[in-house]
Amino acid sequence: MAGSTASGKVVLLLDNYSLRSRMLHESFMQMNQDTLAIVITEDNFLPKNVLSIYDLMIGNYSNNAIRENGKPKFFNEIPVPDNWSFGAGIQVGDEKTGSITYHQVEKAKIQYVDSTKRWMVQDVKWYDRAGITRFCDHYNRYGDIAARTVYSAAGEATSKSWLSPEGREIIVENYLTHDIIVNDEDTILFFRSREDLILYFLKKSGFQERRFFINSLSLPLTLVYRLDTCHQDDILFWQDTMGNDIPWNMKLILDGEIGRCNKVIVQTKNEYNRLLELGVPEDRVQKLGFVYHYEKENRHQPEALICTNADRIEHCEDLIKMLPAMHFHISALTQMSPALLALSQYNNVSLYPGAGQSVMDELFMKCDYYFDINHYSEIVSAVYRAFMHNQLIFAFEETIHNREYIAGLHTYAATEFERMALDVQEIMEERKVMEEHLTVQQKWALAEKKETYQEVLSL
């Protein structure tokens with residue numbers, strides 16, 4: 001079990017490892033800041049430089065470092081009796097499953113990690129002779145059984161145990177009595193809530209003396225408040241969407257009543273402006289985006305990407321005709337309709353129906369422009385990926401999917417498609433103009449320099 005292991009690191013205490021959580025973490029890493037990212041939500045397959053709170057509790061963090069040895073379990077590495085068989089399984093939609101059988105009787109079902117790396121085991125549900133689930137082994141990125149859920153004869157979950165890397169039971173949560181039991185070396189401890197459990201391990205590991213940055217007003221803020229030390233320089237990064245009123249617990253921060261946490265940083269322009277509209281004084285909140293690590297440099301090549309799963313692409317054919325020097329790459333995860341396939345008649349068009357991940361990856365690397373002009377839903381987080389690949393992004397008001405990364409200067413009414421084409425033509429002709437527009441796009445998305453982060457956060 002973890003002892004007092006915290007070092008001088010600052011701590012990112014994150015509700016989950018969402019896209020925005022990852023962007024914040026990567027911003028700190030871009031500064032080479034000695035930072036430990038801890039995720040509250042149970043997740044056994046976080047990136048190797050991110051720690052779940054359960055990793056901390058069961059011993060995958062020690063000597064000021066996250067454990068590195070080990071690798072995910074492959075399906076046929078699951079221990080089974082002799083003569084039992086593995087079926088790697090099938091994929092239906094986003095779900096990957098396999099099976100373990102004995103004489104054609106299914107004894108267990110294997111759930112795989114949702115990842116490009118196939119057949120990495122996440123869960124194994126074991127059945128009794130009646131075909132009812134009796135327990136489930138939850139594997140982690142190290143190939144260990146990190147936890148085990150036990151079920152009743154009726155198939156209802158009754159308890160869950162978390163195990164050390166050596167297989168020793170550390171935590172037991174009883175779903176019937178709602179008790180949480182911890183085997184702390186020679187002592188048995190009882191907790192009535194997950195909040196109390198997490199707080200115990202944060203203090204046991206010495207983290208109350210660290211500086212915390214949080215991105216949630218829920219459990220991370222409660223934990224920071226309850227750490228109860230004299231520190232007063234913890235910060236909330238606001239990454240959510242404001243409602244009609246300022247959340248009550250954010251008001252406590254702004255009024256200086258939380259103790260450790262007394263500053264709010266807002267990571268989008270719209271939310272910053274919204275807080276000011278709701279009456280928050282400008283000196284109580286600060287605007288700060290992210291330090292981005294772009295996937296490539298823009299090479300100023302006339303190659304444009306459109307990602308769509310529908311054939312309704314606003315003024316697509318008009319733009320193709322008006323920009324003959326621009327090559328349009330139109331990709332879809334599905335098959336394409338005859339209307340969309342008909343665009344192949346133009347020499348400056350390439351179509352990619354049923355494009356897989358490798359094709360999409362190549363297109364994002366290849367193209368230097370992105371047109372967010374497809375109607376209906378966005379696919380493959382295309383606008384964000386285009387931004388991270390330094391593509392200059394254009395959109396119509398009627399089709400725009402993610403205003404955060406598309407500068408107002410590059411957003412047009414659909415009736416202004418001719419003006420869009422003329423602006424793109426001007427940018428294509430002059431490298432300096434392209435660089436100016438990329439700078440506008442980056443400023444719009446609150447792209448920050450490392451030095452700005454260090455100054456604002458006093459790091």
* What pairs with D311 under salt bridge (Lys or Arg N to Asp or Glu O under 4.0 Å), at least two apart in sequence or on another chain? -> none
Quick one: side chains of residues 82-89, donor-acceptor pairs under 3.5 Å with protein atoms, not counting sequence neighbours, listed by atom name and distance.
none

* **Pairs flagged by ring-ring contact (aromatic ring centres under 6.0 Å, His included) wherever residues 159-199 is involved - sequence neighbours left out** => Y54-W162, F191-Y200
* With K160, which residues qualify under side-chain hydrogen bond (donor to acceptor under 3.5 Å, both in side chains), at least two apart? -> E42
* Asked: Can you name the salt bridge (Lys or Arg N to Asp or Glu O under 4.0 Å) partners of D240, sequence neighbours left out?
  -> none
* To do: Flag the pair K251 and D245 as a salt bridge only when some basic side-chain nitrogen lies within less than 4.0 angstrom of an acidic carboxylate oxygen.
  => no
* Only counting residues at least two apart or in another chain, list the ones meeting ring pair (Phe, Tyr, Trp, His ring centres under 6.0 Å) with Y139. => none
* Structure fact -> Residues pairing under ring-ring contact (aromatic ring centres under 6.0 Å, His included) where one sits in residues 247-266, two or more places apart or in two chains, turn out to be none
* Asked: Residues two or more places apart in sequence or in another chain: which of them pass side-chain hydrogen bond (donor to acceptor under 3.5 Å, both in side chains) with R22?
  -> E26
* With sequence neighbours left out, write down each residue that passes side-chain hydrogen bond (donor to acceptor under 3.5 Å, both in side chains) with E448, or none if nothing qualifies. => none
* **Set of residues satisfying salt bridge (Lys or Arg N to Asp or Glu O under 4.0 Å) with respect to D233, sequence neighbours excluded** => R211
* Taking 4.0 angstrom as the limit, do E378 and R385 come out as a salt bridge? -> no
* Residues two or more places apart in sequence or in another chain: which of them pass side-chain hydrogen bond (donor to acceptor under 3.5 Å, both in side chains) with Q442? -> N390
* Taking NZ, NE, NH1 and NH2 as the nitrogens, is one of them in R226 or D196 under 4.0 Å from a carboxylate oxygen of the other? -> yes
What donor-acceptor contacts under 3.5 angstrom involve side-chain atoms of residues 450-459, with partners at least two apart or in another chain?
from : atom 1 : to   : atom 2 : distance (Å)
Y453 : OH     : Q267 : NE2    : 3.4
Y453 : OH     : G289 : O      : 2.7

